[in-house]
Protein chains: 4
Amino acid sequence: MNELIEPATRRTPKGDTTREAIKLAAKRALAAEGFSNAKIADIMASVNRSPGAFYKYYPSKEALLLDLLDAFRARLKAEVNRSLDMSEEPVEHLKERLGAFWKIYRDDWPVATAAFQMSMANREFARAWHGVRQQGIRGMSSVIKLLQQKGFCSGLDSELIASALCSMLEYTGYNWTARAGDFPDRLIDDATAIEVLTRLVLDGVRGGAAQIAALPSAAKELGRDRMRRRTPS
Amino acid sequence: MNELIEPATRRTPKGDTTREAIKLAAKRALAAEGFSNAKIADIMASVNRSPGAFYKYYPSKEALLLDLLDAFRARLKAEVNRSLDMSEEPVEHLKERLGAFWKIYRDDWPVATAAFQMSMANREFARAWHGVRQQGIRGMSSVIKLLQQKGFCSGLDSELIASALCSMLEYTGYNWTARAGDFPDRLIDDATAIEVLTRLVLDGVRGGAAQIAALPSAAKELGRDRMRRRTPS
Amino acid sequence: MNELIEPATRRTPKGDTTREAIKLAAKRALAAEGFSNAKIADIMASVNRSPGAFYKYYPSKEALLLDLLDAFRARLKAEVNRSLDMSEEPVEHLKERLGAFWKIYRDDWPVATAAFQMSMANREFARAWHGVRQQGIRGMSSVIKLLQQKGFCSGLDSELIASALCSMLEYTGYNWTARAGDFPDRLIDDATAIEVLTRLVLDGVRGGAAQIAALPSAAKELGRDRMRRRTPS
Amino acid sequence: MNELIEPATRRTPKGDTTREAIKLAAKRALAAEGFSNAKIADIMASVNRSPGAFYKYYPSKEALLLDLLDAFRARLKAEVNRSLDMSEEPVEHLKERLGAFWKIYRDDWPVATAAFQMSMANREFARAWHGVRQQGIRGMSSVIKLLQQKGFCSGLDSELIASALCSMLEYTGYNWTARAGDFPDRLIDDATAIEVLTRLVLDGVRGGAAQIAALPSAAKELGRDRMRRRTPS
DNA sequence: TATGAATGAGTGTTCATTCAT
DNA sequence: GATGAATGAACACTCATTCAT
C-alpha cells in the first residue's frame with residue numbers, strides 16, 4: 001500500500017530487527033502520548049539509537065505511522081476478513097472473527113487511534129484510515145446482507161448497521177483496553193470481551209426481524225405494553 | 001465543573017459575545033485540525049480578533065477545551081440523562097434519549113474527539129473525559145439493569161454492555177457526521193440515524209433473553225441454511 | 001529632574017490622591033517582583049482602577065519609575081545631604097545623616113533596586129541612577145576630604161572610599177530590610193542598624209591614619225605579630 | 001549544587017566548548033541587558049548557533065543562570081572561603097582573600113547582579129542567592145569573631161558587621177567595574193581596589209576596640225577641631 | 001553506517017499600550 | 001474622566017529533520 005516507505009535497498013536482517021524495534025517502541029509511545037505528542041527522539045532512545053538513525057528506516061514521522069497502519073490493516077484483513085465465504089457454522093464463524101478483531105485491537109489500538117486522529121487533519125491519513133474502516137464495514141455488511149436475504153434485519157440500511165457495529169467494536173477495543181479507557185481498575189479478559197461483543201453484534205445483525213419473529217415471550221410483551229399505551233393516546 | 005476559568009469580574013454582554021464566538025470558531029478549528037493542530041491565532045483571526053485577546057477569555061488553550069467539554073457534558077446530562085425514572089413508555093423513552101444524544105454529537109463531535117485525544121496524554125483531560133463517559137455509561141446501564149430485572153439480557157455484565165453501546169453511539173456520531181467519517185458522500189438524516197441507532201441499542205439492551213429463546217429456531221436455521229447452500233455449489 | 005512626566009494641567013487634588021496611591025502600590029509591586037515583573041494592570045488593580053487609567057498619570061511604565069526615583073533622590077538630598085556645612089558635632093552629625101539614610105532605604109529600597117536594575121540596560125535610567133549615586137558619593141567624600149586635611153585617612157582616594165561606603169549603606173539598606181535579604185527571620189531595629197552602620201562608616205572614614213596614630217594597643221600589636229612571623233620566614 | 005542541569009550523557013568536548021561559549025556570551029548579555037532583557041536568541045547568535053541549540057545545554061533560561069550562579073558560588077568558596085583556619089598572618093590572609101573576592105566580582109558581577117535581581121521575584125533564585133550571601137557572611141563573621149575574642153570590635157553583632165562588609169564588597173565590585181557604575185571614565189586597577197577595600201574591611205573588622213580606646217583623643221579632637229574652624233569663618 | 005549536535009520554523013503566551021464607549 | 005476589551009510585537013521553548021564527523 002505504501003511503497004514510498006520501503007527503502008530502495010533490500011533490508012538487511014539487522015535493519016529489520018531495528019525496524020521492528022522501532023515499530024514496537026512507536027506503538028508504546030503512541031499509547032502513552034498519542035501521535036502528536038510522541039517524539040521521534042524518545043522512540044529512538046527507547047531503542048538505544050540516535051534520533052538521526054530514525055531516517056534510515058522512515059523518511060518521516062508520518063511514514064512510520066502509515067507503515068504501522070498498513071501492518072494493522074493487513075493483519076485485520078488476514079485474520080478478520082480472511083474469508084467471506086462462510087463454510088462454517090455462522091455464529092461460530094462470527095465469534096471467531098470477532099475474537100480475532102478483539103485481539104488485534106487489544107494489541108494495536110494505539111495505531112488505530114493515532115491513525116484516526118491524523119485522519120482528521122491530513123489527507124493521506126484520511127484516505128488510509130478510511131480504507132481500514134471500509135474494509136471492516138464491507139466484511140460486516142456482507143454478513144448482514146446475507147442475513148437480510150434470510151429475512152432478518154430487514155428494512156434497515158446494512159451499511160449503516162455495519163458502520164455502527166464496526167464503530168462499536170473499534171472504540172470498545174480502546175475503551176476496554178487502554179489505561180485511560182472506561183475500566184481503569186479492571187482487566188477485562190479476552191473470553192468475556194469476545195462473548196459480550198459477539199452477543200451485541202449478533203443481536204444487532206439479526207435485529208428487528210428476529211425480534212418480531214422469535215420473541216413471543218420477551219419482545220412482544222414489551223411491544224404490547226407499548227401498544228396499549230399508544231392506543232388510547 | 002470548571003469555575004477556575006470564569007473571570008473574576010461579571011462578564012459584560014460584549015465579552016460574552018466574543019466568548020461565544022471563540023467557542024464556535026474553536027469547534028470549527030477542532031473539527032478541521034484536531035486540538036494539537038488548531039492554532040490560537042487562527043481561531044482568533046476567524047473571530048477578527050488578535051491572538052492576545054484570547055487570554056481575556058481563557059487562561060490557556062487547554063482551558064478552552066475544558067470549557068467546551070464542560071458545556072458538552074452539561075448538555076448531555078440535561079438532554080440525555082435528564083430523567084432516569086422510566087415512568088414513560090420505555091422504548092419511546094430510549095428513542096427520545098438517543099435522539100438527543102445523536103443531535104449533540106452531530107453538533108459537538110469535534111469537542112468530544114478532541115477531549116478523547118487529549119485524554120490519552122493529559123491527566124486532567126483523562127479525568128474530565130472519563131467523567132463524560134461514565135455519565136453516559138451510568139445512564140445506559142441503569143436502563144439495562146431495569147430490563148435485566150424483567151428477565152432480559154440476563155447473564156451479561158451490564159456495565160460492559162453499557163460501555164460498548166455508548167462506544168457505538170459516540171463513535172458513530174463521529175463516523176456518520178464528520179467529513180472524514182465513513183460516508184463522505186452521503187448525508188445521513190437525523191431520522192434515519194436515530195432509527196438505526198435505536199434499533200441497535202434496543203437489540204443490544206434486550207438481547208440475551210431473545211437469544212436464549214430464539215436461537216434454536218433462528219440462528220441454527222441460519223447455520224443449516226448456509227450448509228445446505230454450500231453443499232451443492 | 002523629569003519635567004516630561006508632569007502633566008500639562010495642574011493636577012487636581014483627586015488626581016493627586018490617585019497618583020500617590022499609584023506610587024505606593026508601585027513600590028509594593030517593585031518590592032515583590034522587581035521592575036520588569038511588576039505589571040501595570042496589577043498596580044492599577046490594587047488601586048481599584050482600570051489599566052487604562054494609568055496613562056492619565058504617566059506616559060509609560062518607565063516614567064513611573066523615573067518619578068519614584070526622582071522623589072527618592074529629592075528625599076535623599078533633603079534629609080541626608082541637607083547641609084554639608086558641619087556646624088554640629090561631626091560624629092553626631094554623621095550619625096544623624098546615616099539615620100536619615102537608613103530610614104529612606106528602609107522605605108524605598110524597592111525604588112532604588114529597580115532603578116539600579118534598569119540602569120544596566122537603559123540609558124536614561126543609567127543617567128538618573130548615576131546622579132543619585134553621585135549625590136551620595138559627593139556628600140560622603142566631602143566629609144572624607146575634610147578629615148584628610150586633619151590627617152586622617154590619608155593617602156587613599158577619597159572618592160573610592162566614599163563610593164565603597166555608599167555602596168555599603170545602600171546595599172545594606174536592602175539586605176537588612178527586604179524579605180529576600182540576609183536576615184529573613186530577624187527584624188533589625190532602626191537603632192541597631194544605625195549604630196552598626198555609623199560605626200563602620202566612622203571607622204572607614206577615619207581609617208588608616210587613626211589606627212596608626214591611635215591604636216598603640218590594638219593595631220600595632222597586630223602589626224607586630226605580623227612582623228615577627230614574617231622575620232623568620 | 002545543581003546536578004539536574006547536567007545532561008544524562010557524558011558531554012563531548014565539542015559540546016563542552018559550546019557550553020562554555022554560551023556561558024561566556026550569557027555573561028556578556030547579562031552585563032549589557034540584565035537577565036530579563038537578555039534574549040536566548042541573541043546569546044546563541046553571538047555564539048553562531050541557532051536559538052534551538054540552547055536547549056541542548058540548558059532546559060531553560062533560568063537553568064543557565066543557576067548554572068552560572070553555581071559556578072560563581074563554587075569559585076567564591078574555593079578562592080575566598082578556602083580555609084577559615086587562620087594559621088597565617090591575619091592581615092595578609094584577609095588581603096589575599098579580598099583580592100580573590102575582588103577578582104571574582106570583577107569578572108562575574110553580571111552573574112551576581114542577575115541572580116540578585118531574580119532573587120526578588122523567584123523562590124529558587126532567592127534560595128540560591130541567599131546561599132551565596134550566607135557563604136560570604138559566614139566567612140567574614142568567623143574572622144570577626146576571632147578578632148572579638150582578642151578584644152577587638154567588641155559589643156557589636158558580628159553577623160551584622162559581616163553582612164554590611166559583604167554588601168560593601170559586592171556592590172563595590174559592581175560599582176567600580178561596570179560601565180554603568182560609579183566611575184565610567186576611570187579604570188580602577190586591581191591593586192588600588194584591593195588596597196582600599198582591604199583597609200575599609202580591616203577598619204570595620206577591628207573597629208569597636210579602636211574606637212573605645214581612641215575616641216577621646218581622635219574623634220573628640222575631630223569634633224573640637226571642627227568647631228574651632230567654624231567659629232572664625 | 002551511526003551519531004547527536006545543530007537547525008529553524010512554528011506557537012503558546014505575556015503585557016505595555018491604545019481606544020471605542 | 002474612566003473603563004477594560006483589544007492590540008500586536010516580542011520571546012521562550014519545541015521538535016521533526018538535517019548533516020558534519
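Naming: A, B, ... by sequence-line order, numbering from 1 per chain. Please read these numbers as outputs of a predicted model, since none were measured by experiment.
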>> Please enumerate all residues that pass side-chain hydrogen bond (donor to acceptor under 3.5 Å, both in side chains) together with Asn122(B), with sequence neighbours excluded.
In response: Glu62(B)
>> Just to be sure I understand: a Watson-Crick pair is purine N1 to pyrimidine N3 plus N6-O4 or O6-N4, both under 3.5 Å. Using that and G-U wobbles, which stems of three or more pairs involve DNA chain E?
In response: E:2-21 with F:2-21
> Rounded to the Å, how far apart are Arg19(C) CZ and dA2(F) P?
Replying inline: 12 Å
> Lys56(D) has a side chain; which of dA6(E), dA5(F), dA2(E) sits nearest to it?
Replying inline: dA6(E)
>> Considering every strand and a 4.0 Å limit on heavy-atom distances, what is the contact class for Asp42(D): base, sugar-phosphate, or nothing?
In response: nothing
>> From CD1 of Ile43(D) over to C1' of dC11(F), roughly how many Å is that when rounded to an integer?
In response: 12 Å
> Counting only side-chain N and O atoms of Tyr57(B), is one of them less than 4.0 Å from OP1 or OP2 of dA6(F)?
Replying inline: yes
> What closest approach, in Å, do Glu124(C) and Leu66(C) show between heavy atoms, and which atom pair accounts for it?
Replying inline: OE2-CD1, 3.5 Å
> Please give, in whole Å, the distance from dA5(E) C1' to Arg49(D) CZ?
Replying inline: 8 Å
> Does Asp108(C) have any side-chain hydrogen bond (donor to acceptor under 3.5 Å, both in side chains) partners at least two apart in sequence or in another chain, and if so, which?
Replying inline: Lys27(C)
> By side-chain hydrogen bond (donor to acceptor under 3.5 Å, both in side chains), which residues pair with Lys61(D), not counting sequence neighbours?
Replying inline: none
> Can Arg19(C) be said to sit on top of Tyr58(C)'s aromatic six-ring, NZ or CZ under 6.0 Å from centre and within 45° of the ring axis?
Replying inline: yes
>> I need a per-nucleotide contact map over nucleotides 12-19 of chain F, read 5' to 3'. Cutoff is protein heavy atoms under 4.0 Å; write B for the base, S for backbone only, - otherwise.
In response: SBBSSBB-
> What are the two closest non-hydrogen atoms of Trp109(A) and Ala178(A), and how far apart are they?
Replying inline: CZ2-CB, 3.3 Å
> Do the side chains of Arg28(B) and Ile43(B) get nearer than 4.5 Å, heavy atoms only?
Replying inline: no
> Asn48(A) CG to dT3(E) C1': how many Å, rounded?
Replying inline: 13 Å
> Would you call the rings of Trp129(A) and Phe72(A) parallel, tilted or perpendicular, where under 30° means parallel and over 60° means perpendicular?
Replying inline: parallel
> Does a nitrogen or oxygen in the side chain of Thr18(B) sit under 4.0 Å from OP1 or OP2 of dA5(F)?
Replying inline: no
> Does the side chain of Ser50(D) get closer than 4.0 angstrom to OP1 or OP2 of dT7(E) through an N or O atom?
Replying inline: yes
>> Could you work out, with ring-ring contact (aromatic ring centres under 6.0 Å, His included) as the rule, every residue matching Phe35(C), not counting sequence neighbours?
In response: none
